[in-house]
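Every value quoted in this text rests on a predicted model; they were computed, and no experiment measured them. Letters A, B, ... mirror the listed sequences (proteins, then strands); counts begin at 1.
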Amino acid sequence: MTAVHQVLAAAAPGDATTNAALDLRRALRSRGRSEVFAAHFAPELAGRVHPLADFARLAGRTDRLVVHVSIGEPLLTSFLEERSEPVSVLYHNITPAAAFAPWDPGFARLLDEGRRWLASLAGRAEVAVALSRFSAAELGSLGFRRVLVAPLPVDPRRLRATVPDLFWSVRLAGLDGPAILHVGQVLPHKRLDWLVMAYHALVTHLLPEAHLVVVGAQRQPRFAAAVRRLVADLNLPRVHLLGPVAQSVLVAAYRRASVLATASEHEGYCVPLLEAMAFGVPVLARAFAAVPETLGGAGVLIPADDGPLVAAEALAGLLTDPALREEAVDRGRERVAALDPAAARSALAGALLGAA
Amino acid sequence: MSDLDQALERLRARVDERRRAGDYPPGLEEELASHFEQIAGERLAGEGLTIREQLEREVHLPVVDPERLAAVASSFVPGGPRVQGMVARLLQRQAAGILGQVAALTSNLWRGLEVVAGAADEAIGAISAPSPSFAHLVAVVDALVERVASYERAPAATPEGVAELARRVERLERAEASRVPRPWFRPGSLVEGPAEDPERWRRLLEGCQPVLDLDEEGSASLEQAVDASLGGVVALDLVERLGAQELLDLVRETADKLRPGGRLVAGATNPRSLWGLAHGSAGRPDRALVDPGWLSLCCREAGFSSVEVEWGPAPEPPGGADQDGELRRLVFAPTRYLLVATR
């Protein structure tokens, strides 16, 4: 029986990297022993995720380490320096530091360190798995010998089975107009400011009754404050910044949404696009990083050099043109129907163990 | 080019048309971007400011002459000290609530903690060495003192007004003291339905080893199990204690952990039995009603190939057997059910 354990910098409920690790654990456990260890983790994950400091005590004989890379963490770096097991890298992608540099220089440094750490793993990792071709290209440029692409085992249909939060279902049902939903943390590279500009053009010139509902933690206070100020300056009372929400509230938001929109300029995968499609919500996104891959032609993709006015027109089109809306919804449903999470999970585990 | 790409081309052309027609103000996008850059510049420019300077930018407190401190101490208005005492009590009550909200806010905004820590440092420095910051603190205290002093000068500060205010404060406090939450059920009055026969579920799980008893081991133990490794899972006293989402998750997790042919045996009070509802534990606030039809649906959705419900024993009707047959079926339906789901 093999023992393959996963290590990551930080684990938190709802975090994409954590979700991926816990999901992957299922596939790895069908092949043998497998636990998840993190340098930092939220208390509610105790029992599901173990402290990295307890690795020696809990892991026992280990055949392989799967290292999740999404940010730099000195504890994880020094941990790996002390271990001699074969290593497989699962690259979730690291946001370019430039997006954070003016807002949070400390965090930008962590991102830079993460990228340097990733490069240092190139010589040690027997296999590096990227979640998208976009990320794979970066791994290749860093000198990783064997790079494979295996998308995340996403099962948005499972989210549909979640009971929606009653309170928020009623509140969102009370919105007197179409609801544009944005799902994602309020961070500089997600460009919520750009989306607010597009929304401003939409409600000022095209569709005044539209609402913008923003779901996601405001992890960068200065940027979040600047976005709130922009919303206030532009006098947009129909913008609702919900902050971080439980899964049941997220489901209530998806069920109410008329369109899902993201202006993000950097994504390693972008799961909310697929989740929206599973709820029959048409999607609008911008052609940056791995977004076009994830979208797979199943939504309106705004080219990178187009401005907020084109996005505003596209939002108006998705909200008022039945043919365009139906086309986007149908494509989305087809895209989700083609997902096979079990096969993807098995492929991801196989890719990570491929070097064994 | 897909239909969506073609639609985007049309939309882009429409933007150009609207621009030419003057529907969009010239330079709108540039103006918006420039405005956000200006906001960002202001936010980031505040980085180098001291806490006091930041507070002065954001908070506008009334400035009061420090002489007023002496004015309160020398007040001879009748009932003044009593009013101040009551005001202090009210302020204390208000302050507790406000502090609670501040605590919740700071726990969410960890950046805020840096600001609070910086402000505390500055305050300590200001108190130990008089400085412009100290004068600012005095001004803030003055504002509060002035607020309290204003109650003295209010018309209510007559002996009758003071007495009425005192009565109101005491009434408010009495009302709060008497508002002790009471359970709306009496635990001693509960009578459990017929006990589950352990032999019964053991028979249902014959040949289904290994069996995980969630009532004994706890639902967390299920997660530790390897996928498709269990022959049986027993939950006779668990499903009613779970929320709707937890129940769905438990059923899905169980489906993952059971090998093909493995069985889940779950027990719960039958919500279709009026007798069971009246005499069982279903009415307790920590229990949910789990309809066998709903639980069966959850199991099928989770991938169980066969789901059957076995009814438990019916209760003995009290006081003879002369009730109307229809009423008997309604009231004395089986109080428990066992759900048997096979992978």
Side-chain angles (χ1 to χ4, degrees), chain A residues 26-27 29-30 32-34 47-48 102-103 158 161-163 188 193-194 196-198 200-201 204-206 217-218 220-223 225-227 229-230 233-234 243-244 246-248 282 297-303 306-314 316-318 321 323-324 327-328 331, chain B residues 2-19 23-25 28-33 35-44 46-47 108-112 114-115 220-221 223-229 243-249 251-253 256-257 298 301-302:
Chain A
R26 293 175 62 192
R29 279 188 174 176
S30 68
R33 287 190 298 116
S34 183
R48 305 176 73 193
W103 301 98
R158 203 156 177 157
T162 300
V163 178
D193 54 310
W194 196 95
V196 168
M197 292 175 205
H200 167 72
T204 307
H205 301 284
L206 303 170
Q218 297 172 19
Q220 214 307 310
R222 294 185 194 95
F223 179 73
V227 170
R229 167 82 184 277
L230 180 66
D233 285 359
L234 296 176
Q247 185 162 291
S248 56
V300 174
L301 189 66
I302 307 289
D306 271 333
L309 287 184
V310 174
E313 285 286 354
L318 286 169
D321 179 347
L324 178 60
E327 175 73 16
R331 292 284 193 83
Chain B
S2 74
D3 293 348
L4 291 173
D5 292 335
Q6 287 173 2
L8 186 62
E9 287 301 316
R10 287 198 302 276
L11 292 165
R12 194 182 281 121
R14 199 177 295 163
V15 171
D16 292 338
E17 278 172 31
R18 286 194 209 272
R19 277 193 178 144
D23 291 345
Y24 289 131
L28 173 63
E29 288 171 301
E30 292 77 11
E31 206 172 293
L32 287 168
H35 184 65
F36 186 71
E37 275 174 26
Q38 189 186 336
I39 292 172
E42 285 174 18
R43 289 278 152 199
L44 298 171
E47 286 299 291
N108 287 331
L109 300 173
W110 64 272
R111 290 277 176 187
E114 289 181 358
V115 174
S221 58
E223 202 175 303
Q224 309 291 333
V226 174
D227 280 1
S229 65
Q245 189 61 50
E246 291 171 317
L247 179 58
L248 283 171
D249 292 342
V251 171
R252 281 201 207 102
E253 189 82 29
D256 289 342
K257 303 302 180 188
C298 292
E301 288 285 310

**Considering all heavy atoms, the nearest H35(B)-L230(A) contact** = CD2-CD1, 3.8 Å
**Request:** To the nearest 0.5 Å, tell me how far W194(A) CH2 sits from L32(B) CG.
**Result:** 11.5 Å
**Item:** F36(B) to V227(A) - nearest heavy-atom pair and separation
**Value:** CE1-N, 4.1 Å
**Best-contacting candidate, L248(B), D23(B), L8(B), L28(B), against chain A by heavy atom pairs under 4.5 angstrom** = L8(B)
**Item:** Heavy-atom closest contact (G47(A) atom, Q224(B) atom, distance)
**Value:** O-NE2, 3.8 Å
**Fill in**
Honestly, the part of L234(A) sitting under 4.5 Å from a heavy atom of chain B is side chain
**Heavy-atom contact with chain B under 4.5 Å, split by part of R48(A)** = both
**Request:** May I ask you to name which of P308(A), G307(A), P244(A) has the most heavy-atom pairs under 4.5 Å with chain B?
**Result:** P308(A)
**Request:** Could you pull out the closest heavy-atom pair between V226(B) and R29(A), with the gap in Å?
**Result:** CG1-O, 3.1 Å
**Asked** Which heavy atom in L4(B) sits nearest to a heavy atom in R331(A), and how many Å separate them?
**Response** CD1-NH1, 4.0 Å
**Request:** Please assess Y24(B) against L206(A) for the test side chain to side chain contact (heavy atoms under 4.5 Å, CB included), listing each intermediate value before the final yes or no.
**Result:** CA-CA 10 Å; Y24(B) 289 131; L206(A) 303 170; 3.5 Å; yes
**Fill in**
Sequence neighbours excluded, the answer for side-chain contact (heavy atoms from CB on, under 4.5 Å) partners of R14(B) is E313(A), L11(B), R18(B)
**Residue L318(A) versus chain B: region with a heavy atom under 4.5 Å** = neither
**Request:** Among the options A225(A), G317(A), S248(A), S30(A), pick out the one with the most heavy-atom pairs lying under 4.5 Å from chain B.
**Result:** A225(A)
**Request:** Go through D3(B) and L324(A) one step at a time and tell me if the side chain to side chain contact (heavy atoms under 4.5 Å, CB included) criterion holds.
**Result:** CA-CA 8 Å; D3(B) 293 348; L324(A) 178 60; over 6 Å; no
**Asked** Is any side-chain heavy atom of P303(A) closer than 4.5 Å to a side-chain heavy atom of R12(B)?
**Response** yes
**Request:** Answer with side chain, backbone, both or neither: which region of E301(B) has an atom nearer than 4.5 Å to a non-hydrogen atom of chain A?
**Result:** neither
**Contact leader toward chain B among T204(A), D306(A), V196(A), V310(A), where contacts are heavy-atom pairs under 4.5 Å** = D306(A)
**Request:** Could you look at A298(A) and say if it's the side chain, the backbone, both or neither that has a heavy atom under 4.5 Å from chain B?
**Result:** backbone
**Prompt:** Considering only heavy atoms, which portion of A40(B) lies under 4.5 Å from any heavy atom of chain A: side chain, backbone, both, or neither?
**Reply:** both
**Asked** Considering all heavy atoms of both residues, which atom of P25(B) and which atom of H205(A) are nearest to each other, and what is their separation?
**Response** CD-CE1, 3.5 Å
**Item:** Interatomic spacing from CD in Q38(B) to CZ in R229(A) - rounded to 0.5 Å
**Value:** 7.5 Å
